[in-house]
Q: 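Shown below is the structure under consideration.
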2 protein chains.
Amino acid sequence: MAKELQMANAIRALAMDAVQQANSGHPGAPMGMADIAVALWGSYLKHNPRDPHWPDRDRFVLSNGHGSMLIYALLHLTGYDLPIGELKNFRQLHSKTAGHPEVGVTPGVETTTGPLGQGLTNAVGMALAEKLLATEFNRKGHHVVDHHTYVFMGDGCLMEGISHEACALAGAWKLNKLIAVYDDNGISIDGQVTPWFIDDTPARFKAYGWHVIGPVDGHDVAAVNRAIADARISADKPTLIVAKTHIGKGSPNRANTAKAHGEALGIEEVKLTREAMGWTHEPFVVPQEVYADWDAKAKGAAAQAEWNQRFAAYTKAHPELAAEFTRRMKGELPKNFAQVAVDAAVAAHAKAETVASRKASQIALEAFTAALPEMLGGSADLTGSNLTNTKSTAPLRFDLAGDVKLGEDGNGSEDAPRRIGRHINYGVREFGMAAVMNGVALHGGYIPYGGTFLTFSDYSRNAIRMAALMKKRVIHVFTHDSIGLGEDGPTHQSIEHAASLRLIPNLDVWRPCDTAETAVAWAVALQNANRPTALLLSRQNLPYAPKAGLEDISKGAYVLAEPGEVGLNKKPQAVIIATGSEVQLALKAQEQLAAQQIAVRVVSMPSNTAFDRQSAAYKTSVLPAGIPRIAVEMGVSDGWWKYGCAAVVGIDTYGESAPANVLFKLFGFTPENVADTVRAVLSRMH
Amino acid sequence: MAKELQMANAIRALAMDAVQQANSGHPGAPMGMADIAVALWGSYLKHNPRDPHWPDRDRFVLSNGHGSMLIYALLHLTGYDLPIGELKNFRQLHSKTAGHPEVGVTPGVETTTGPLGQGLTNAVGMALAEKLLATEFNRKGHHVVDHHTYVFMGDGCLMEGISHEACALAGAWKLNKLIAVYDDNGISIDGQVTPWFIDDTPARFKAYGWHVIGPVDGHDVAAVNRAIADARISADKPTLIVAKTHIGKGSPNRANTAKAHGEALGIEEVKLTREAMGWTHEPFVVPQEVYADWDAKAKGAAAQAEWNQRFAAYTKAHPELAAEFTRRMKGELPKNFAQVAVDAAVAAHAKAETVASRKASQIALEAFTAALPEMLGGSADLTGSNLTNTKSTAPLRFDLAGDVKLGEDGNGSEDAPRRIGRHINYGVREFGMAAVMNGVALHGGYIPYGGTFLTFSDYSRNAIRMAALMKKRVIHVFTHDSIGLGEDGPTHQSIEHAASLRLIPNLDVWRPCDTAETAVAWAVALQNANRPTALLLSRQNLPYAPKAGLEDISKGAYVLAEPGEVGLNKKPQAVIIATGSEVQLALKAQEQLAAQQIAVRVVSMPSNTAFDRQSAAYKTSVLPAGIPRIAVEMGVSDGWWKYGCAAVVGIDTYGESAPANVLFKLFGFTPENVADTVRAVLSRMH
């Protein structure tokens, strides 16, 4: 048997055996893509199984993540720390071979995939990060950033809408080092796809400005090799390789059927497949010569050693650049970060400006983007509304040759990163933006942030969740966060969104009330190295909330004003908890109540996710037992009962189209209504 | 001035004046699309301003909904009940001219638009409904269903991923009576789109199997007229007309700039625009001759009268068909619906089967789809997992000519609707499916339902919200609703999804525990004429929960088992509230606790959204004051505190990839842990 076929059959056997052992999983895609994998991983992929984090490795993404046994087989065979015992434990608790590939769980897995279309979009983000880093850091004779991003995908990924957003961006950005291989097997879970999928995919991708190769025979390793070689010389376009394959190839009775997709072949069919393939080895046994053919350890170590030499030369020639590159790829914040953060908050406190919190965000961003060259901003076509751009972040642009355009002084220095545009016009592509940002964060070298209206977090919701699941630092700037946006009406007014984002595990949500809280929220978000953050910001102006100090803001909630602040020296009878734009209402209500000798504490809670992480002692110090609590937020009330509130001033219906001030009255967001609610609670208790 | 130009300038003047008066809104799109509107509304659109609900009217969708003044101007000018006073009140509270067009608020508005890409997708759903109804109901010489769906859209809609899903489906479905006009002005909010939008849109749409016309000059009414005429003769393809326009046309200084997009022109520029257009009339004044040119009342009334005659002839020839058509378009359920619903629940109760609730859903669907020919099902490529298909719902297919394929006996009867495939393979397009379903519901004649995994409700979330905002009966079948799906792991395991869907105002959420609750959930969903429903269903088998009766299930929560059921004749000391797959845990815990003389009531709460609508008396009868409550659900705990729970057995982290039974133990979903939690609560109270 030819060497390549043996290598491919090793994947097929491992895939069908692991799925059979687990009696769960998807054998069809690994068996169908095995020959393509031989071509890419056997001849081109630059990687070192002994160091999965080598910065200049090629990135490989399995966007059709249900075919996880493909990547597990590849990682095992090429020499990653993924012994055969892990493959035998496929899909079992705490194995390194989860049902879908998970970054951080399995060495060599670059992103968590499964929700279709997002792996492809992550890959676009990775390829963008590579291109930008290369522009910033490479120097003549020193190409320390020079790798490809490869992505495998099926028709599921290509049916998903996000594939449109991602691939249109990849075309516009001329990501020539992005190479996508489409496993064109004509089968999806519901069967032969023709009744519901008639796209001329090559024509579609050409329309995005891609280089399209094929269709080629996806079982002809030499043909796929030639296609990849062709793709790698593209100077200004990403490449799609269309590979015609047979799902479940090797299985006499399941190949080319939807039944090959998502279930074990069955003991009998596994046996027949072994026979048909001429694969005589026991389950999970791979002959040594096949291991030897697959082994990438020596080649990978040599490649990395060569790069290490080059990086040493780079370090000698450009020591500051090399140090900066190393810091950036580690994801470490600059040494002066803490000072920058304090300065930003203190400056906000000193100025005490009345501005919208989206503007407060831009003010904070001015400081942070100036100090952190790794911040890579953007907006889904709402730059002037989200206020995500700053003086330090010119628009990112590419020239006709596909190169990143440099800033005016971009060529000025050999010892500092070249100055690139750091604000991305993502177009009207919220989901794509979010998943591209995930890819940028996964690649490393940048901290991505991006803006849209809060309500359209719905569009990007699963990518936000994926960042939280993957523990990646991605920052979402969600402006126009309530009925306070006014006339645009209920389609644009967030009602359930703040509460609903707070339910996503490991997502930090901040809704600051003024410039100081916004600066602190940004600082915490940037420090959240293992967690994404959503910043919810107002369209409308908000007065500065006078405060004694700034140190407790980062804890997510703090005592903003005791009754004494409004001249009533009594212990609080009630606590008003408020967030964002409603903090001012709480303060005014406190004042009105004080005039009636009712003593109220105002707690500002910009982030309940951060507050929930505090010690029990701190929590009790902010929300003492036995004192009734009233929450005020322009959104659904449901989320507030967990703080033991006696009442919530919220909105449990959709908004209306009208000027914001009209809506505040209509929905009861007035100091009077807040004060009335407090009085009602107190009278109920007597 | 030419008549057409006068007509177009009336739109431009009304748009700029209304936006100026409100000092809020988007003049650019209405001014840019005014000439296109003259072509379509002046020459082709079949509508009767005096009866916006005439069943055979053409449907018109403004997918770029921010350009709302375009449709308000058109409705006003052509004679709808939208007097000039409403236009003067643009974007004011309770006017009929909300910031974005809202169905149900403004006569003649067919769908609520604003969230980009969804209007286009609704239009695909409308065109599909038309095609299916025509196939079912038209007879030789009696074409009572014969109208077009027109949609206007901008580059924002075309950048959104959902446009890919929608337009691929429209191509696969050969929706030849769908005509989309693309306002190709090259400008989006962030400016000239070329850096971020380089799609060759005509090539892209050809790749979807569309007929593409243009680019044509969007300011040449005759050219647009010809394009529409050409589009209307397409026999088997939807049509895209690419119309090159100038955003804000007419404004000397704002045209062709992003500044024209989303803000008032300003008093001075309004004046200059008046001069440049030669429009000498005061704000909100339109000369009588222009009104006369626009007036569509007589023509519309004649068209409808002609249709009424034809419908009378149809009624005479096919009285049963006509009655059925009328019922279906009114959205009335069949007369025997109540009996069908009762029978389904009673049958489930009698059989008391142990099946997954997704299977229970299919069992209920067998009954309902047999009785309700208007049910139009589907799945986003998970038919065999979602179990959305039934014996009555063959796959929907189209033949090469673009006609709907009929079932075997589809031609058999002249007096019953022809039998079409009623299960749609939507492909891997969750968001597209949801927004297509919204369009089908808006058109009328069908009750759409569709399935995917619960976690991927994230993808379709904003379309679910839009159905709730629009008060449309759309039913989402979300299976694999927890860690109970097992090996597929955290990317697929819902954690926050049930809680998060419950936050969407006017969305009913059901998570039934067995076959009877599932049958009732379906019945309530079908009766919810003004509300969408999400059914959350298990992958894994669930035992039947013995119950005294079925009548309280529809109230959303009910007493499932008192302590007496497990032989303990004491008053309950605690209430366990459980949903879906966790009800069995509650029952087992109840039994274990009874053995220790601890008396517990078990409340099954399949729908807290339905329960929240019940009377205070009923609520107290289920959840009596003073007895501690413990909630059990495999999802985030946050949502349960509103029921005053003392403890929640939930999951506030992501799941793991492992067999379901392993996960249940790992995360504490065992009767023992539930019983322990109850004991801990009771001991805390003493």
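Here is the naming used below: chain letters follow the sequence lines, and residue numbers restart at 1 for every chain.
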Q: Would you call A/Thr113 and A/Met466 a side-chain contact if the rule is heavy atoms closer than 4.5 Å?
A: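 No, every pair of side-chain atoms sits at 4.5 Å or beyond.
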
Q: Going by atom types only, do A/Tyr459 and B/Asp458 share a side-chain donor-acceptor pair under 3.5 Å?
A: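 Not at all, the side chains of A/Tyr459 and B/Asp458 share no donor-acceptor pair under 3.5 Å.
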
Q: Measure A/Gln92 against the heavy atoms of chain B and call it side chain, backbone, both or neither at under 4.5 Å.
A: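 For A/Gln92, heavy atoms of backbone and side chain both lie under 4.5 Å from chain B.
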
Q: Counting only heavy atoms closer than 4.5 Å, note whether B/Phe456 contacts chain A via side chain, backbone, both or neither.
A: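 Only the side chain of B/Phe456 comes within 4.5 Å of chain A.
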
Q: Counting heavy-atom pairs under 4.5 Å to chain B, which of A/Gly427, A/Ala658, A/Ala207 comes out on top?
A: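 Ranked by contacts with chain B, first place is A/Ala207.
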
Q: Where does B/Leu396 contact chain A at under 4.5 Å (heavy atoms): side chain, backbone, both or neither?
A: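 Neither the backbone nor the side chain of B/Leu396 comes within 4.5 Å of chain A.
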
Q: Heavy-atom pairs under 4.5 Å with chain B are the metric here; pick the option from A/Lys206, A/His26, A/Arg502, A/Glu102 that has the most.
A: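 Between A/Lys206, A/His26, A/Arg502, A/Glu102, the count favours A/Glu102.
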
Q: Go through A/Pro659, A/Ala499, A/Gly384 and name the one with the most non-hydrogen pairs under 4.5 angstrom from chain B.
A: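 Max contact count across the listed options: A/Pro659.
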
Q: Where on B/Thr455 is there a heavy atom nearer than 4.5 Å to chain A: the side chain, the backbone, both, or neither?
A: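 Answer is both: backbone and side chain atoms of B/Thr455 are under 4.5 Å from chain A.
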
Q: Output the option from B/Ala166, B/Ser657, B/Gly99 having the highest count of non-hydrogen pairs under 4.5 Å with chain A.
A: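 Looking at each of B/Ala166, B/Ser657, B/Gly99 in turn, B/Ser657 comes out on top.
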
Q: Just verifying a value: how many Å separate A/Glu496 CD and B/Leu501 CG, rounded to the nearest 0.5 Å?
A: 10.0 Å

Q: What residues, two or more places apart in sequence or in another chain, satisfy salt bridge (charged side-chain N to carboxylate O under 4.0 Å, His left out) together with A/Asp488?
A: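 Residues passing salt bridge (charged side-chain N to carboxylate O under 4.0 Å, His left out) with A/Asp488: B/Arg91.
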
Q: Given the options B/Arg465, B/Glu487, B/His492, which has more heavy-atom pairs under 4.5 Å with chain A than any of the others?
A: B/Arg465

Q: Could you tell me if A/Ser188 and A/Asp155 have a donor-acceptor pair between their side chains, going purely by distance under 3.5 Å?
A: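 Their side chains do not contain a donor-acceptor pair, so the 3.5 Å distance test is not met.
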
Q: Between chain A and each of B/Thr653, B/Ile504, B/Val662, count heavy-atom pairs under 4.5 Å; write down the option with the most.
A: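 Top count of heavy-atom pairs under 4.5 Å with chain A: B/Ile504.
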
Q: Would you mind telling me which of B/Asn462, B/Leu503, B/Asp381 has the largest number of heavy-atom pairs within less than 4.5 Å of chain A?
A: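 The answer is B/Asp381.
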
Q: For B/Asn425, is it the side chain, the backbone, both, or neither that has a heavy atom closer than 4.5 Å to a heavy atom of chain A?
A: both

Q: With A/Arg204, which residues qualify under salt bridge (charged side-chain N to carboxylate O under 4.0 Å, His left out), at least two apart?
A: none

Q: Checking A/Leu666 against chain B: side chain, backbone, both or neither under 4.5 Å from a heavy atom?
A: side chain

Q: Which atoms of A/Phe431 come close to chain B, meaning under 4.5 Å heavy atom to heavy atom: side chain ones, backbone ones, both, or neither?
A: side chain

Q: Would you mind checking if A/Lys642 and B/Asp638 are paired as a salt bridge, meaning a charged N to carboxylate O distance below 4.0 Å?
A: yes

Q: Tell me, out of A/Cys167, A/Gly489, A/Gly171, A/Pro195, who's got the most heavy-atom pairs with chain B below 4.5 Å.
A: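 Max contact count across the listed options: A/Pro195.
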
Q: What is the minimum heavy-atom distance between A/Ala468 and A/Leu507, and which atoms define it?
A: CB-N, 4.1 Å

Q: Heavy-atom distance under 4.5 Å to chain B: side chain of A/Asp652, backbone, both or neither?
A: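 For A/Asp652, the backbone is the part near chain B, not the side chain.
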
Q: Sort B/Thr112 into side chain, backbone, both or neither according to what part of it lies under 4.5 angstrom from a heavy atom of chain A.
A: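 Side chain only.
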
Q: Given a strict heavy-atom distance threshold of 4.5 Å, which part of A/Ala463 is in contact with chain B: side chain, backbone, both, or neither?
A: neither

Q: Output the option from B/Asp199, B/Val193, B/Leu469, B/Asp190 having the highest count of non-hydrogen pairs under 4.5 Å with chain A.
A: B/Asp190

Q: Side chains of B/Thr452 and B/Tyr426: does their closest heavy-atom pair fall under 4.5 Å?
A: no

Q: Quick one about A/Thr388 and A/His423 (side-chain donor to acceptor, distance below 3.5 Å, no hydrogens or angles considered), yes or no?
A: yes

Q: Counting heavy-atom pairs under 4.5 Å with chain B, which one of A/Ile189, A/Val636, A/Asp200 comes out on top?
A: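 The answer is A/Ile189.
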
Q: Tell me, out of B/Asn506, B/Ile162, B/Leu382, B/Ile464, who's got the most heavy-atom pairs with chain A below 4.5 Å.
A: B/Leu382

Q: Which bit of B/Ser24 is near chain A, if near means a heavy-atom gap under 4.5 Å: side chain, backbone, both or neither?
A: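 Side chain only.
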
Q: Under 6.0 Å from the NZ atom of A/Lys471, do we count more than 12 heavy atoms belonging to anything else shown?
A: no

Q: Could you state the interatomic distance from CG (A/Asp612) to OH (A/Tyr643), rounded to the nearest 0.5 Å?
A: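 Spacing of CG (A/Asp612) from OH (A/Tyr643) equals 3.5 Å.
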
Q: When only pairs under 4.5 Å are counted, which of A/Gly114, A/Pro115, A/Ala98 shares the most heavy-atom pairs with chain B?
A: A/Pro115

Q: Go through the atoms of B/His66 and report whether side chain, backbone, both or neither lie under 4.5 Å from a heavy atom of chain A.
A: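 No part of B/His66 comes within 4.5 Å of chain A.
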
Q: Going by distance alone, is a donor N or O of one side chain under 3.5 Å from an acceptor N or O of the other, for A/Asn386 and A/Ser379?
A: yes

Q: For the residue pair B/Ser500 / A/Arg461, report whether a side-chain donor-acceptor contact shorter than 3.5 Å exists.
A: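 Per modelled atom types, A/Arg461 and B/Ser500 side chains form a pair under 3.5 Å.
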
